[in-house]
Amino acid sequence: MSRATEGVAIRVLSERVRNQIAAGEVVERPASVVKELVENALDAGAREIVVELEAGGVDLVRVTDDGRGMGPEDLALAFVSHATSKLAEVDDLLHIGTLGFRGEALASIGSVARARILARRAADEHGWSIEDEGGRLGTVVAAGAPRGTTVEVRELFFNVPARRAFLKRTATELGRCLDVLQRLALAHVGTGFVVSHERGRVFDVEREMDLAARVRRLFGSELAAALVPVEARDGAVALSGLVAPPRFSRGDTARQMWFLNGRPLRDRVLSRCLVEAYRGFNDEKRQPVAFLSLSVPPEAVDVNVHPTKSEVRFRDERRLFPFLLGALRAAVARTDMATPGSTLVPFPRLVGRDEGRPSTPWSTARPRPEELEVREGTAQLAPERPATLPTLVPADAPAPGPILQVAATYLVREVEGGLEIVDQHALHERVTYERLKAGLRAGGIEVQRELVPELVELARSEVHALEEHLASLARLGIEIALFGPTTVAVHALPALLPRRAAPRLVRELVAVLAEGGALPGPEELLEHVVHSMACRRSVMAGDVLAPEEAEALLAAAARLDHDQTCPHGRPTRVRLSLSDLERAFHRR
Ligand code: ADP
Ligand code: MG
């Protein structure tokens, strides 16, 4: 029998099965339960939220709030799908001011766990409770309860073994719950959070703590002290928050947080915007650390893209991004970009002392994994050339003293309070880069015209790709004309560039254009070209510098606003303070 005729039994799925299917979208793991329950508590106006977890949230997630509570009629509907007090008309979807709105979460959770709600409104004499055991809904019964709501979710996926099998180790699930909770605690200044696991306190933030105080509590005072505030407004759109200096950047995005109208979200476009704001200050493979709140009128954003609401769609991206980028970039530029020697050079005592500390997910006392990489990477620095460090004179001695070139690559000299080591190529790159940018900004870059153009052979498609950008390139002092189907003629280059750089520069440009399929905008293209010109024009590691040259380089850098990183975000200088040295020599 063929499949088509086999069964004519089309049935409408029972509510229970429907909820279990929907649960697949809303409830993936304990962390999703935590998120939904805490968001409900926030929507209910909670000032204090207590979260208790067991076995990474798999055995128990209990969220207790002091919000408005629920009456018996509310409780009867709380576990029913598409029952919500927050959205009545489809039109409301455009004006969502609450975190939840679909009325799906509790129904989904109740269908795949043993759930119970206990709630009391302020005006009621006693509370009420209701249970939902894997979709088997109980009745509302009177119960003693404090004002507010407690939702208890036990044995997640007890009735869906296939889903349960996908859960990870306790530590992993706990980690994800805590990540969600941290984000919520940072997003909701004004609400206190207490979080425990297996009855042990994991973290708490008091209601009065502002964002900076919360970051300090969660991630330590070193980061908190280095953060720079961002505050900007464009019409009804407001951006506020904190950005960290580039040296705090990490391999992951765990400390990169965006909150949209109080809702933590991971949005690719916003992350890209942040990375863009750090361009030139940050290693491009590393993720900046920032805590940012964006507030936009609800109708300017569509949060209904995905049930878990972590992605959104902005209505007016073309205005939003330049605004965000400008505000963020200005704040990033205000951070302290100096690379302290103590974070780079391994001091045996420092590491040893840290080892005894307990390791909690937010202990910043321990070196972060990416710091360890750095430490290992530069471990050679101190032991290899101890003899070349200049003798120290008292910190108040008049600077600057002589410059010592080490390995034709590093410049070492005394500075106030210690010494610094400069990477000559990185620093020169920064100087050249800033000079080229300044030239561009002033509208004129000195151009060297060639009597005989330099011809460069390219693929047909490459010539085609280049064609669209000839005008932006001309603005940069790079005048290129089409010469044949596979040839371009370079008529002029910025005077800063050697003539022989032309073929390489053109090929590099073409490679940039080919990258990732999408053509970069003119601004981005300029950035790329300026980067590569800066690199080409700069002294290299291995170039022996005359004392005057070294002097001139350091003097030129001293006049810049930003000279702590090269245009690719590598540090240009490392400082060793006297106390770093004292520690290294066990004088302290
Ligand atoms: P949604 O949040 O999308 O409305 P939920 O399934 O999460 O859907 O919750 C259903 C309804 O239950 C909410 O609209 C709200 O009225 C009520 N509710 C849930 N949690 C709480 C709480 N902690 N305090 C008060 N009311 C709550
Ligand atoms: Mg909800």
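Predicted model only: the values in this text are computed from it and were never measured.
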Rounded at 0.5 Å granularity, tell me how far [atom1] in [X] sits from [atom2] in [Y].
X: F483; Y: E457; atom1: CZ; atom2: CD; result: 10.0 Å
X: H188; Y: S293; atom1: NE2; atom2: OG; result: 9.0 Å
X: E416; Y: L578; atom1: CD; atom2: CG; result: 10.5 Å
X: R247; Y: T335; atom1: CZ; atom2: OG1; result: 8.0 Å
X: F259; Y: L294; atom1: CZ; atom2: CG; result: 12.0 Å
X: L458; Y: T487; atom1: CG; atom2: OG1; result: 8.0 Å

Test your reading of the model: is there a side-chain donor-acceptor pair from [X] to the backbone of [Y], 3.5 Å cut-off?
X: R430; Y: G280; value: yes
X: R176; Y: A171; value: no
X: N261; Y: V296; value: yes
X: R250; Y: V289; value: no
X: E462; Y: A459; value: yes
X: R214; Y: A185; value: yes
X: Q256; Y: P288; value: yes
X: R279; Y: R329; value: no
X: S221; Y: A224; value: no
X: T572; Y: D563; value: yes

Compare every heavy atom of [Y] with every heavy atom of [X], then report the nearest pair and how far apart it is.
X: P229; Y: R334; value: O-NH2, 2.9 Å
X: A327; Y: L239; value: CB-CD2, 3.9 Å
X: V230; Y: A331; value: CG2-CB, 3.7 Å
X: A489; Y: L455; value: CB-CD2, 3.6 Å
X: R216; Y: A225; value: NH2-N, 4.4 Å
X: N282; Y: P246; value: OD1-O, 3.6 Å

Sub-4.5 Å side-chain heavy-atom contact between [X] and [Y]:
X: L186; Y: V205; answer: no
X: R449; Y: E479; answer: yes
X: V243; Y: L292; answer: yes
X: R319; Y: V237; answer: no
X: L227; Y: L211; answer: no
X: I403; Y: P547; answer: no
X: P503; Y: E454; answer: yes
X: L181; Y: V202; answer: no

Worksheet item: Do V456 and I480 pass the side-chain contact (heavy atoms from CB on, under 4.5 Å) test, and can you show the C-alpha distance, the side-chain angles, and the key distance before you say yes or no?
Response: CA-CA 10 Å; V456 183; I480 298 178; over 6 Å; no

Discussion item. Check the orientation of F321 and F314. Use parallel for under 30°, tilted for 30 to 60°, and perpendicular for over 60°.
Written reply: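 Correct class here is perpendicular.
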
Item to complete: Taking the six-membered ring for Trp and the single ring otherwise, decide whether the centroids of F248 and F219 are under 6.0 Å apart.
Response: no

Worksheet item: So R272 and E276, salt bridge (charged side-chain N to carboxylate O under 4.0 Å, His left out) or not? Walk me through it.
Response: CA-CA 6 Å; R272 197 151 29 84; E276 206 47 46; over 6 Å; no

Worksheet item: Looking at L554, T432, T565, L411, which one forms a side-chain contact (heavy atoms from CB on, under 4.5 Å) with L427?
Response: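 The option that passes is L554.
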
Discussion item. Under the criterion side-chain contact (heavy atoms from CB on, under 4.5 Å), I'd like the reasoning laid out for L466 against V506: C-alpha separation, chi angles, the key distance, then a yes or no.
Written reply: CA-CA 9 Å; L466 208 52; V506 171; 4.1 Å; yes

Item to complete: Give the C-alpha distance, both sets of side-chain angles, the deciding distance and a yes or no for side chain to side chain donor-acceptor pair (under 3.5 Å) between S249 and Q287.
Response: CA-CA 5 Å; S249 296; Q287 291 292 336; over 6 Å; no

Worksheet entry | Inter- and intrachain pairs under side-chain hydrogen bond (donor to acceptor under 3.5 Å, both in side chains), touching residues 418-428, at least two apart | Q405-Q424, E420-R573, E420-R575, D423-R570, H425-E429

Item to complete: Would you check, one step at a time, whether the test side-chain contact (heavy atoms from CB on, under 4.5 Å) holds for E206 with R217?
Response: CA-CA 10 Å; E206 285 104 61; R217 176 67 60 83; 3.2 Å; yes

